[in-house]
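Residue numbering restarts at 1 for every chain, and letters A, B, ... go by the order of the sequence lines.
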Amino acid sequence: MKTCAIHWFRKGLRLHDNPALQAACKVADDVKPVFILDPWFANNANVGVNRWRFLLQTLQNLDENLKKINSRLYIIKGKPADVFPKLFKNWGVSHLTFEEDIEPYALTRDSEIKKLADEHNVKVTSCVSHTLFDPQRIISKNGGKAPLTYQRLQTVLSSLGSPPKPVDSPSECKTKTESDHDKKYGVPSLEDLGKSEKECGPLLFPGGETEALRRLESMMGKKNWVCTFEKPKTAPNSLEPSTTVLSPYLKFGCLSPRMFYYKLQEVYNKAKHTSPPVSLLGQLLWREFYYCVAVDTPNFDKMEGNPVCKQIPWDTNESYLKAWKEGRTGYPFIDAVMTQLRQEGWIHHLARHSVACFLTRGDLWINWEEGMKVFEEYLLDADWSLNAGNWMWLSASAFFHQYFRVYSPIEFGKKTDKDGDNIRKYVPQLSKYPTAYIYEPWKAPLKVQEKAGCIVGKDYPKPIVEHDKIRKKNIERMAQAYNASKTEGGGAKRKSDSSSSQKKKKAKVK
DNA sequence: GGCAGTGTTGACGGA
DNA sequence: GTCCGTCAACACTGC
């Protein structure tokens with residue numbers, strides 16, 4: 001009897017290390033690789049045009065790679081809950097496979113689909129392949145709760161041994177296609193989704209598994225660079241990226257984290273190398289860290305009702321938020337980073353630190369959730385767990401608590417870009433400014449401003465806040481918020497850690 | 001159980 | 001130019 005299996009692509013947009021796809025290929029003699037595209041999503045999701053382009057390129061590449069193993073990708077328009085019952089019936093489906101996804105909306109969606117599959121006598125197989133380990137396994141090994149520090153995660157991981165080895169790409173994936181496949185199931189263009197190529201920035205990081213593997217090989221080829229890599233020492237504002245830029249590929253699953261892990265081990269095995277948390281492996285473990293906390297924490301992407309998140313009385317200030325988002329704060333370093341983000345969809349990790357600190361506890365005192373939403377829209381690598389987790393880190397709302405360490409929007413960038421070349425590129429109004437004033441154009445004498453062809457207050461904004469003053473004020477506000485969370489018992493605080501810390505702080509309050 | 005030490009990536013002012 | 005103390009946190013580990 002012939003069997004038909006659907007492999008449902010969501011993330012995990014690759015053939016290599018895709019255990020769920022492999023399972024489908026093994027069990028069925030007609031495998032339908034499906035990606036469901038909800039047209040509603042194109043207009044309503046918080047996804048910028050650069051990330052749409054990345055996704056469509058990735059799907060195009062996936063289809064091409066599937067062709068090489070006698071298969072095709074089926075793009076189906078609709079909502080999963082509407083689409084699947086029809087597919088189950090029309091194709092006579094007996095098996096459904098997919099990669100597990102821990103994001104809350106995905107968990108809800110998947111449990112609904114599992115129920116539908118059950119009703120249609122379709123057997124469901126799901127596999128963990130988006131992270132090195134199954135986050136639930138780490139959590140149970142840690143006594144049923146997620147590790148809340150990196151160190152703790154490392155301790156738990158050391159008891160788990162190496163992550164599973166990546167599985168091979170299927171050598172064949174038999175799919176019975178129809179002659180009008182392209183018309184019915186082809187990958188849409190940006191224009192089909194109501195977007196335009198013209199809105200996109202320069203194509204610096206094309207989507208797709210093929211490009212992901214090429215990029216991985218090229219990075220791993222720089223053996224000395226890999227072995228000496230220390231994240232804090234890489235430059236946030238170099239004109240060429242100082243890190244791997246593999247994050248967009250990991251986000252969509254064009255690249256398997258386990259593939260990355262084992263390629264890294266091959267390089268490490270032959271030489272002395274740096275270690276987590278600063279090494280390249282360390283970066284992969286940070287990803288694992290945030291996935292674990294995210295899956296174990298209710299309301300992880302919100303301040304309220306989030307047990308790991310400090311409750312801080314942020315201000316609402318639409319005009320500050322808009323100025324930050326659009327790169328009009330009057331601080332050239334901040335504005336350059338935000339412009340690069342909007343135009344290109346990728347900025348260095350430390351650049352993210354700088355602008356996140358500026359928006360929240362450093363200068364503008366705006367809730368980290370607002371910044372998270374802006375990153376979610378523009379970043380090619382926008383990843384729910386990592387995005388929320390890093391915003392809490394930077395705003396000293398969770399994981400990191402030394403709120404008196406405030407990034408300077410003037411001094412920080414100078415360390416790695418003395419001449420302000422990055423500013424000259426992304427804030428071209430300032431390109432003719434003398435180096436002495438490039439980070440603080442408002443300090444330039446009027447004559448210098450005129451000569452550079454850019455008057456501050458007219459052609460480029462004055463600083464929206466005075467950093468030196470606001471920084472001190474905000475540190476005080478943070479101290480107050482921290483104090484309040486102690487005396488109130490932290491509101492949504494975890495039960496387990498309230499007893500010991502409670503006593504100490506009572507003594508300290510007065 | 002209590003206490004001391006420690007942790008991915010700051011800035012500033014004075015010696 | 002470099003080094004060092006200040007600003008004054010929390011969660012977890014190890015003794």
Side-chain angles (χ1 to χ4, degrees), chain A residues 142-143 145-156 158-159 228-238 242-243 274-290 293 297 307-312 333 347-358 360-363 386 389-390 392-416 418 439 467-487 489-490 493-505 507-509:
Chain A
N142 190 45
K145 50 185 188 187
L148 284 177
T149 65
Y150 192 83
Q151 238 181 9
R152 185 75 209 144
L153 175 82
Q154 283 184 285
T155 306
V156 177
S158 66
S159 70
T228 56
F229 184 94
E230 289 178 69
K231 186 64 161 280
K233 290 188 181 163
T234 56
N237 47 4
S238 52
S242 60
T243 51
T274 51
S275 301
V278 296
S279 64
L280 269 181
L281 172 62
Q283 308 314 301
L284 212 42
L285 300 188
W286 279 108
R287 182 173 179 274
E288 209 74 3
F289 173 72
Y290 286 123
V293 198
T297 307
V308 303
C309 183
K310 227 9 109 184
Q311 304 298 302
I312 296 166
F333 173 60
I347 51 177
H348 185 278
H349 189 63
L350 291 179
R352 301 179 197 202
H353 277 212
S354 311
V355 297
C357 183
F358 188 87
T360 58
R361 65 187 169 87
D363 296 82
L386 276 60
N390 276 310
M392 281 187 268
W393 181 291
L394 258 300
S395 60
S397 299
F399 315 118
F400 170 86
H401 308 279
Q402 286 165 286
Y403 52 74
F404 40 86
R405 292 187 177 180
V406 177
Y407 285 87
S408 164
I410 298 154
E411 298 304 322
F412 187 71
K414 285 186 190 170
K415 288 195 272 187
T416 44
K418 213 161 35 63
Y439 281 88
H467 175 71
D468 288 340
K469 285 186 187 160
I470 207 99
R471 171 182 163 271
K472 288 185 187 129
K473 191 180 140 200
N474 287 350
I475 289 174
E476 278 172 34
R477 290 177 89 175
M478 285 303 285
Q480 279 172 20
Y482 267 61
N483 236 343
S485 85
K486 288 190 219 163
T487 48
K493 228 177 173 29
R494 298 194 161 200
K495 287 167 211 123
S496 57
D497 55 32
S498 54
S499 56
S500 66
S501 57
Q502 209 80 290
K503 273 184 258 163
K504 249 190 228 167
K505 131 292 214 98
K508 213 176 162 188
V509 166

J.: Provide, to the nearest angstrom, the distance between the CZ atom belonging to A/Arg152 and the C1' atom belonging to B/dT6.
T.: 15 Å

J.: Base contacts versus sugar-phosphate-only contacts with protein, heavy atoms under 4.0 Å: please encode nucleotides 10-15 of chain B as B, S and - from 5' to 3'.
T.: BSS---

J.: What is the ring orientation for A/Phe333 with A/Tyr439, classed by angle as parallel under 30°, tilted 30 to 60°, or perpendicular over 60°?
T.: tilted

J.: Let's go through A/Lys473 and A/Glu476 carefully: what are the C-alpha distance in whole Å and the side-chain angles of both, what is the deciding distance for salt bridge (charged side-chain N to carboxylate O under 4.0 Å, His left out) to 0.1 Å, and is it a yes or a no?
T.: CA-CA 5 Å; A/Lys473 191 180 140 200; A/Glu476 278 172 34; over 6 Å; no

J.: Could you tell me how far apart A/Tyr482 (OH) and C/dA9 (P) are, to the nearest whole angstrom?
T.: 9 Å

J.: In dot-bracket notation, what is the pairing pattern of DNA chain C, taking Watson-Crick (N1-N3 plus N6-O4 or O6-N4) and G-U wobble (N1-O2 and O6-N3) contacts under 3.5 Å, with [ ] crossing and | for other strands?
T.: .||||||..||||||

J.: Does the ring of A/Tyr150 meet both stacking tests against the six-membered base ring of B/dT8: centre distance under 5.5 Å and plane angle under 30°?
T.: no

J.: If the P atom of C/dC7 is compared with that of B/dG7, how far apart are they to the nearest Å?
T.: 22 Å

J.: Starting at atom CG of A/Leu386, determine the distance to atom P of B/dT8, rounded to an integer number of angstrom.
T.: 17 Å

J.: Check whether any side-chain N or O of A/Lys233 sits under 4.0 Å from OP1 or OP2 of B/dT8, and answer yes or no.
T.: no

J.: Specify the separation, in whole Å, of atom CG of A/Leu153 and atom P of C/dT13.
T.: 12 Å

J.: How far does the P atom of B/dT8 sit from the matching atom of C/dA8, given to the nearest Å?
T.: 23 Å

